[in-house]
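All remarks here apply to the structure that follows.
Scope of the values below: all heavy atoms of this structure, side chains included, with no hydrogens, waters or symmetry mates.
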Amino acid sequence: MPTYAYACKDCDHAFDIVQSFTDSSLTECPECQGSLRKKFNSVGVVFKGSGFYRTDSRDSKSSSTVSAAPSTAAPAAPAPVAAAS
């Protein structure tokens, strides 16, 4: 569950609380019963690199080579050889 930061607009009391995504935001300060505001911080995840595609981390031989399915048809008979006279 994520941790949210709140600050009171009236008394500047600041605190963090663990809440579920589905929980409603807090609206009342526990210290002075004033109105709260939710503080937003920077995200803790950083993506580095030239791009983020599904094929970026795969070997080129395993992602581009597809083996053909075996054929169920009977092999063709070899062409008849002409007899030398």
Side-chain angles (χ1 to χ4, degrees):
M1 291 201 315
T3 302
Y4 293 100
Y6 288 93
C8 180
K9 293 179 183 178
D10 300 332
C11 70
D12 293 327
H13 174 68
F15 62 96
D16 295 337
I17 188 166
V18 177
Q19 290 181 297
S20 173
F21 288 110
T22 57
D23 290 345
S24 299
S25 295
L26 299 180
T27 57
E28 188 175 286
C29 176
E31 298 287 320
C32 71
Q33 284 67 43
S35 60
L36 288 177
R37 66 178 176 90
K38 190 182 283 189
K39 294 169 47 176
F40 294 97
N41 298 323
S42 61
V43 178
V45 178
V46 177
F47 295 102
K48 295 182 179 180
S50 61
F52 302 97
Y53 295 94
R54 190 169 96 173
T55 57
D56 281 352
S57 62
R58 296 185 180 177
D59 293 337
S60 61
K61 65 179 181 180
S62 66
S63 64
S64 62
T65 305
V66 177
S67 61
S71 175
T72 57
V81 178
S85 0

Quiz prompt | Which residues share a side-chain hydrogen bond (donor to acceptor under 3.5 Å, both in side chains) with Tyr4, sequence neighbours left out | solution = none
Could you tabulate the donor-acceptor pairs under 3.5 Å formed by side-chain atoms of residues 22-37, not counting sequence neighbours?
| unit_1 | atom_1 | unit_2 | atom_2 | d |
| --- | --- | --- | --- | --- |
| Thr22 | OG1 | Ser20 | OG | 3.2 |
| Asp23 | OD2 | Ser20 | N | 3.1 |
| Ser25 | OG | Lys38 | NZ | 3.2 |

Quiz prompt | Least distance between heavy atoms, Tyr6 atom then Gln19 atom | solution = OH-OE1, 2.9 Å
